[in-house]
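When a ligand or atom number is given, it counts from 1 through the structure's own listing order. Just so it is clear, the model here is predicted, and its values are computed rather than measured.
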Amino acid sequence: MSKLNLQTFFRPEILALSAYHVADAQGFIKLDAMENPYSWSNEFKQKWLVRLKDCPLNRYPDPEARELVTMLKALNQLPDNIDLLLGNGSDEIIQLLLMALPPNSAILSTTPSFVMYKQISDYLGLNYHGVSLQSDFNLDLPSMLAAIEQHNPMIIFLAYPNNPTGNLFDVNAVNQIIEAANGLVIIDEAYEPFADSSFMNRVGNNVLVMRTVSKLGLAGLRLGYIAGKHEIIEQLHKIRLPYNINVLTQSSVKFAFENKDIFDSQTAAIRHERALMFAALNSINGIVAYESAANFILFKTPENQATRIFESIKAQGVLIKNVHPQGALLKDCLRVTVGTPNENHAFLQALKYACE
Ligand SMILES: *Cc1c(COP(=O)(O)O)cnc(C)c1O
């Protein structure tokens with residue numbers, strides 16, 4: 001074999017990409033990734049293990065995950081003309097949506113927003129456009145409408161609540177974007193358990209709503225789902241790998257939702273802690289926390305201190321997320337996931353020390 005030139009082997013958009021970096025969290029209090037901090041009681045784990053014992057690991061899983069789909073449709077009270085597609089995390093669903101588009105399609109979202117929309121668009125060679133939010137992190141509706149007019153995006157992603165800002169966009173503005181769009185509008189409700197607002201009852205026509213069990217407390221299982229009208233979901237099923245949801249995930253998520261009250265009480269505890277954390281952050285000199293409808297809080301640090309404060313908190317054993325390098329509206333900002341009362345206390349102590 002003659003020498004393989006990797007610089008011409010891979011597509012230029014892949015060579016140009018920097019790898020999605022996940023920090024090594026070993027040994028840290030982990031408040032960087034919007035995970036639910038609570039584990040299950042031993043009694044509950046025993047019940048789960050009994051269920052897993054009968055999982056046929058020698059067989060391929062149900063390719064349609066029918067029992068799980070039926071359960072999720074009922075939980076979300078979806079009508080018969082609305083179908084679900086499951087993904088190995090909602091990340092996979094974002095990838096599937098983007099893979100289905102014609103070459104050179106335009107994609108639209110906000111800046112800032114969830115980084116995967118741009119990351120995947122870029123490596124698939126699509127034309128991603130991010131429209132800056134207003135300084136209060138609300139949608140800049142005139143600029144969004146102008147971008148729709150100019151680029152005619154095939155897909156518009158709106159994270160509701162938005163990551164990493166934590167806010168819910170104005171419903172009227174979202175509705176006007178839906179009205180103006182010629183393509184699909186994906187409402188990404190990854191943080192729906194922590195918010196009091198949803199577009200699930202708007203699913204149909206060009207509106208799809210995406211959710212995940214990750215932030216609810218099952219990030220390790222990798223399950224996301226998207227609801228949309230039958231004619232759209234049908235096409236996406238064709239490019240989904242046949243067994244994308246493994247048997248342990250199918251069984252475990254079913255088990256978890258049969259015991260949904262456990263997650264509801266964990267979610268309530270996180271929401272309670274979020275309010276305490278928000279007040280505590282704003283009481284620290286120089287810190288401004290932004291209101292959040294998610295399980296994390298974005299906060300601003302004194303000018304040009306974000307990375308130093310992030311590193312100081314890290315040196316004190318607490319890992320959060322430094323979003324300052326993303327620049328623009330995120331300049332000087334850090335993002336912390338709401339953890340247990342003890343974890344939050346440790347974080348606040350570390351932050352206070354870093355700000356002294
Ligand atoms: C975390 C997150 C996701 C990805 O969730 P997975 O199901 O774990 O892949 C999608 N969208 C937003 C806005 C997120 O914050």
Are the charged groups of [X] and [Y] less than 4.0 angstrom apart, N to O?
X      : Y      : value
Lys47  : Glu258 : no
Asp196 : Arg271 : yes
Glu64  : Arg240 : yes

Which ligand 1 atoms are under 4.0 Å away from a heavy-atom of Ser214?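 Counting from 1, the qualifying ligand atoms are 6 (P), 7 (O), 8 (O).
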Distance from [atom] to nearest protein heavy atom, with residue and atom:
atom                    : answer
atom 14 (C) of ligand 1 : Lys215 NZ, 3.1 Å
atom 13 (C) of ligand 1 : Asp188 OD2, 3.3 Å
atom 15 (O) of ligand 1 : Tyr191 OH, 2.6 Å
atom 5 (O) of ligand 1  : Ser90 OG, 3.1 Å

Identified side-chain hydrogen bond (donor to acceptor under 3.5 Å, both in side chains) counterpart of Arg335 within the set Asp32, Asn163, Thr165: Asn163
N/O to N/O below 3.5 Å, does that happen between Arg222 and ligand 1? yes
Distance-only side-chain donor-acceptor flag, Gln316 / Ser312, under 3.5 Å: yes
